[in-house]
There are 2 protein chains.
Amino acid sequence: MADADERRELALLLRRLNVELDAVGQRFADLHGLNRTDVRALVAIMDAARRGEALTAGRLGDAVDLRSASVTALVDRLEKVGHVRRVRDPQDRRRVALEMSDTAMAAGAEHFGALAQDLTAAMEDYSDEELAVVRRFLTDMTDVITRHSRGS
Amino acid sequence: MADADERRELALLLRRLNVELDAVGQRFADLHGLNRTDVRALVAIMDAARRGEALTAGRLGDAVDLRSASVTALVDRLEKVGHVRRVRDPQDRRRVALEMSDTAMAAGAEHFGALAQDLTAAMEDYSDEELAVVRRFLTDMTDVITRHSRGS
DNA sequence: TCGATAATCTCGATTGTCGAGAGATTATGA
DNA sequence: TCATAATCTCTCGACAATCGAGATTATCGA
């Protein structure tokens, strides 16, 4: 068992990593004239697309924690600059599905994909056993943090 | 060397951790009727206090990336609810030093201190060698991420 | 068909942020 | 010393993102 200082240091490292990851998103926003919410929305839409589903406006609101009025404004912004399209769901015509434009997809892939690539490249310096330890650590810490982010 | 899927998975774990850590801050904000910026400001003031320095309004603006007008509004908000005090610096009377109230300090320590404690407790399951690997990993990844958060 | 339900949008108000510039204080140079 | 520049904070007016309440449109079940 490491001493207390070392463990506190690791907790601080996690926080620093958090700050820098937030900054990556902020940088993407700055580069593309978006705000933080817009980026989170695009990420949510992209994640859904990767899972093979098209997000509706309502589900997007759930994902980024916005009320319907704000979601409308959000989608208006994204549609105006051509990042998403509103598409009526032919199955249930009450729904409006959101589709990312190719250019937005490409921009996101370039920015965040490049980061992912650099990260995975940096992981090549680690053995399978080491990465297994890291995975266990990240999972454990995320569980602890998740407990704090919901009710205590 | 682990296969590509495993490494991609670890990158996703980092993002998940990022989301949950943000949520911890958001939860603190919700509990205390603050917004995200307010929380970041309080954290910055607390960090400075821990280093033994009192943040001025200007430096706080640097820390949270706000213009002076916004910093004034920010400090107004925090002062109104009693979380900080404005104290004219006697050395340089242009400056306004910011001091956290004891109640705000205690609230922050309770919320984030409890998280830090749970995190370090969870680290007791790891050997010194394992934590050394984790430290190296977090440092490496943070470096990569930092390069992306500044210029590419 | 008709009422109930669901998803989205409109409107008015509030709030956080910014740019420009003013006021006060300190540092600098002739 | 005194005038000027630099620094720090604040005020003011404008704008953009968000929300709550309620309206609108589409679908479903009886």
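Quick note on labels: first sequence line is chain A, next is B, and so on, each numbered from 1.
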Roughly, in whole Å, what's the span from [atom1] in [X] to [atom2] in [N]?
X	N	atom1	atom2	result
B/R59	D/dC8	CZ	C1'	12 Å
B/Q26	D/dT18	CD	C1'	13 Å
B/L60	D/dT9	CG	P	10 Å
B/Q91	C/dT26	CD	P	10 Å
B/D92	C/dA27	CG	C1'	10 Å
B/R93	D/dC8	CZ	P	16 Å

Consider only side-chain N and O atoms of B/E20 and A/S149, and report whether a donor and an acceptor are under 3.5 Å apart.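 A pair is found: one side chain offers a donor N or O, the other an acceptor, under 3.5 Å apart.
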Please report how far the helix from C/dT1-D/dA30 to C/dA30-D/dT1 bends, comparing the axis fitted to its first five pairs with the axis fitted to its last five, to the nearest 10 degrees.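 That helix gives 20° between its end axes.
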What do the steps show when you test B/L98 against B/R85 for side chain to side chain contact (heavy atoms under 4.5 Å, CB included), and what is the final call? CA-CA 6 Å; B/L98 302 172; B/R85 279 184 303 276; over 6 Å; no
Here's a test of your reading of the structure: between A/R95 and A/D76, which maps to the more 5' nucleotide of DNA chain C?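 Result of the comparison: A/R95.
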NA contact type, A/R86, heavy-atom cut-off 4.0 Å: base, sugar-phosphate, or nothing?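 The answer is sugar-phosphate, as A/R86 gets under 4.0 Å only of primed atoms, P, OP1 or OP2.
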Nearest 0.5 Å, what's the [atom1]-[atom2] distance between [X] and [Y]?
X	Y	atom1	atom2	result
A/F112	B/H148	CZ	NE2	11.0 Å
A/L119	A/Q117	CG	CD	10.5 Å
A/D47	A/E53	CG	CD	10.0 Å

Is B/R94 close enough to D/dT7 that one of its side-chain N or O atoms is under 4.0 Å from OP1 or OP2 there?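 The answer is no; no side-chain N or O of B/R94 sits under 4.0 Å from OP1 or OP2.
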Under 6.0 Å from the [atom1] atom of [X], do we count more than 12 heavy atoms belonging to anything else shown?
X	atom1	result
A/D102	CG	no
B/R15	CZ	no
A/R59	CZ	no

In B/S/- notation, 5' to 3', how is nucleotides 14-20 of chain C contacted by protein heavy atoms closer than 4.0 Å? --SBBB-
Could you label the plane-to-plane angle of the A/H32 and A/H111 rings as parallel, tilted or perpendicular, counting under 30° as parallel and over 60° as perpendicular?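 Because their plane-to-plane angle is over 60°, the rings of A/H32 and A/H111 count as perpendicular.
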